[in-house]
Structure formats: C-alpha cells, structure tokens
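What you are looking at is a predicted structure, and each value in this text was computed from that prediction instead of being measured. Throughout, a chain's letter reflects where its sequence line sits, starting with A, and its residues are numbered from 1.
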There are 2 protein chains.
Amino acid sequence: MDIIKVFANNVKKYRTEIGLSQEAFAEKAGLHRTYISAIEREKRSIALDNVQKIADALEIETYLLFVEVK
Amino acid sequence: MDIIKVFANNVKKYRTEIGLSQEAFAEKAGLHRTYISAIEREKRSIALDNVQKIADALEIETYLLFVEVK
DNA sequence: ATGTGACTTGGAGTCCGTG
DNA sequence: TCACGGACTCCAAGTCACA
C-alpha cells in the first residue's frame, strides 16, 4: 500500500471529521490552501516537518496518519 | 516531541536490530550511504516517498517509525 | 564503518488566478 | 468550497571527497 495514498485519505478523513474546510485547515496548519489540496489529491510527496504541522493542526498523534483505514 | 527526532531514533534502532551497517542498509533501501547518515543525525527533513523506502528496507510497518519509544 | 561540508538539481511549497 | 494551472522560490534529494 502506498503511504502517500494512506496519508492523503487520513488527512481528508480527520479534517472533515473536525469540520474544517481545506482553506481553514491550511491556515490552522500554517500551510498554503493549494498545498493541502495537492496533498489530498496525492499530487505531492510531503516532508516530515509538514507532516507534523498537519498532525498538530488535526490534533492527533502523528503516527495515526500512516495507519491504513479500510 | 519532534517527529524528525523520533524518526531518526527509530531508523537507528530498527537498523541495528537487524544488524545492518548504514552502508548495507543504504544499499538495501536504494539510498545513498551518506544520506542515511544525515537522516540518523537529524540533519534532514525527509519526504514521504523515502520514508516508505526506509520502512520497506527495515521490513516494518511504516507507522512504527513515528511511534515514540522512550 | 560513519560524520561532515559543499555542491547541483528536481521537486516541495507559495502565490496568483479560473471554473 | 474545492480542483486545477502557471510561475515562481527554496529546500530536500542525491552524490562527492575527505576526515
């Protein structure tokens, strides 16, 4: 299974669960809105520091973003 | 806790557990020897595709690399 | 067998927009 | 609200020589 796919799905899942738009979430994470969009569309391989920023903004443990949900 | 630190520690931990040198491990992961060195010394913020390569070479689940061990 | 500085280049990440 | 594109900037990727 591709980690980028798992990551993308999880970001989308947790983001919608807390009811944030891509835009609002991007701002909370300190990242760009088009970047979040690209991530969820699996268009980019993201770096670790931003992985942490995203996990922080989602208010979850970092490793959860890599656990495949089926 | 810094994710890069956790990641670095875990790479080192799992790598030594299976008894591989940085050099042998780098080759198995398809990465450069000095690159592995830099990662374990927390000198680089690495991207997701390489995280997966490393997890594959360590023969562990990807998320384990982000679980903090104390 | 590993740490480290320096280097080039491809892609991560930003910012403008449109439908 | 989001997908997607073009044009950037800058840092991670990948490699080298040397300690």
**Message:** For a 4.5 angstrom cut-off between non-hydrogen side-chain atoms, does Leu64(A) reach Asn10(A)?
**Reply:** no
**Request:** Figure out the CD/P separation between Glu40(B) and dA1(C), and round it to whole Å.
**Result:** 14 Å
**Item:** Test log, rule side-chain contact (heavy atoms from CB on, under 4.5 Å), inputs Tyr14(A) and Leu65(A)
**Value:** CA-CA 9 Å; Tyr14(A) 288 114; Leu65(A) 289 171; 4.2 Å; yes
**Request:** Residues of residues 14-24 of chain A with any non-hydrogen atom less than 4.0 angstrom from an atom of DNA chain D: list those, numerically ordered, please.
**Result:** Arg15(A), Ser21(A), Gln22(A), Glu23(A)
**Request:** Let me know the distance between CD1 of Ile39(B) and C1' of dA13(D), rounded to the nearest Å.
**Result:** 10 Å
**Request:** List in chain and number order the residues that pass side-chain hydrogen bond (donor to acceptor under 3.5 Å, both in side chains) with Asn50(B), two or more places apart in sequence or in another chain; answer none if no residue qualifies.
**Result:** Tyr35(B)
For nucleotides 15-19 of chain D, give me every protein contact, N/O to N/O, under 3.5 Å, one pair per line with atom names.
from: dC16(D); atom 1: N4; to: Thr34(B); atom 2: OG1; distance (Å): 3.3

**Message:** What's the separation between atom CD1 in Ile4(B) and atom CG in Leu48(A), rounded to the nearest 0.5 Å?
**Reply:** 6.0 Å
**Message:** Before you tell me yes or no, could you show the steps for Ile46(B) and Ile54(B) under side-chain contact (heavy atoms from CB on, under 4.5 Å), namely the whole-Å CA-CA distance, both residues' side-chain angles and the distance that decides it to 0.1 Å?
**Reply:** CA-CA 11 Å; Ile46(B) 93 179; Ile54(B) 290 171; 3.9 Å; yes
**Message:** Expected output check: what is the dot-bracket annotation of DNA chain D, where ( ) and [ ] are pairs inside the strand (brackets for crossing ones), | is paired with another strand, and pairs are Watson-Crick or G-U under 3.5 Å?
**Reply:** .||||||||||||||||||
**Value in whole Å for how far the P atom of dA12(D) lies from CZ of Phe7(B)** = 14 Å
**Asked** What pairs of residues pass the salt bridge (charged side-chain N to carboxylate O under 4.0 Å, His left out) test when at least one of them lies in residues 1-13 of chain A, not counting sequence neighbours?
**Response** none
**Message:** In whole Å, I'd like the distance from the NZ atom of Lys43(A) to the P atom of dG5(D).
**Reply:** 7 Å
**Request:** Could you check how far CD1 of Ile36(A) sits from C1' of dT1(D), rounded to whole Å?
**Result:** 14 Å
**Asked** Who are the side chain to side chain contact (heavy atoms under 4.5 Å, CB included) partners of Ile18(A), not counting sequence neighbours?
**Response** Leu20(A), Leu58(A)
**Prompt:** For Phe7(B), which residues count as a ring pair (Phe, Tyr, Trp, His ring centres under 6.0 Å) partner, sequence neighbours excluded?
**Reply:** Phe66(B)
Between side-chain atoms of residues 24-33 of chain A and protein atoms elsewhere (two or more places apart, or another chain), which donor-acceptor pairs fall under 3.5 Å?
from: Lys28(A); atom 1: NZ; to: Ala57(A); atom 2: O; distance (Å): 3.3
from: Lys28(A); atom 1: NZ; to: Glu59(A); atom 2: OE2; distance (Å): 2.9

**Request:** Mind listing the residues from residues 47-62 of chain B sitting with a heavy atom below 4.0 Å of DNA chain D? Number order is fine.
**Result:** Ala47(B), Asn50(B)
**Prompt:** Touch check for Ser37(B), heavy atoms < 4.0 angstrom, all strands: base, sugar-phosphate only, or nothing?
**Reply:** base
**Asked** Base, sugar-phosphate, or nothing for Ile46(A), non-hydrogen atoms under 4.0 angstrom?
**Response** sugar-phosphate
**Item:** salt bridge (charged side-chain N to carboxylate O under 4.0 Å, His left out) contacts in which one or both residues fall within residues 35-58 of chain A, not counting sequence neighbours
**Value:** Arg15(A)-Glu40(A)
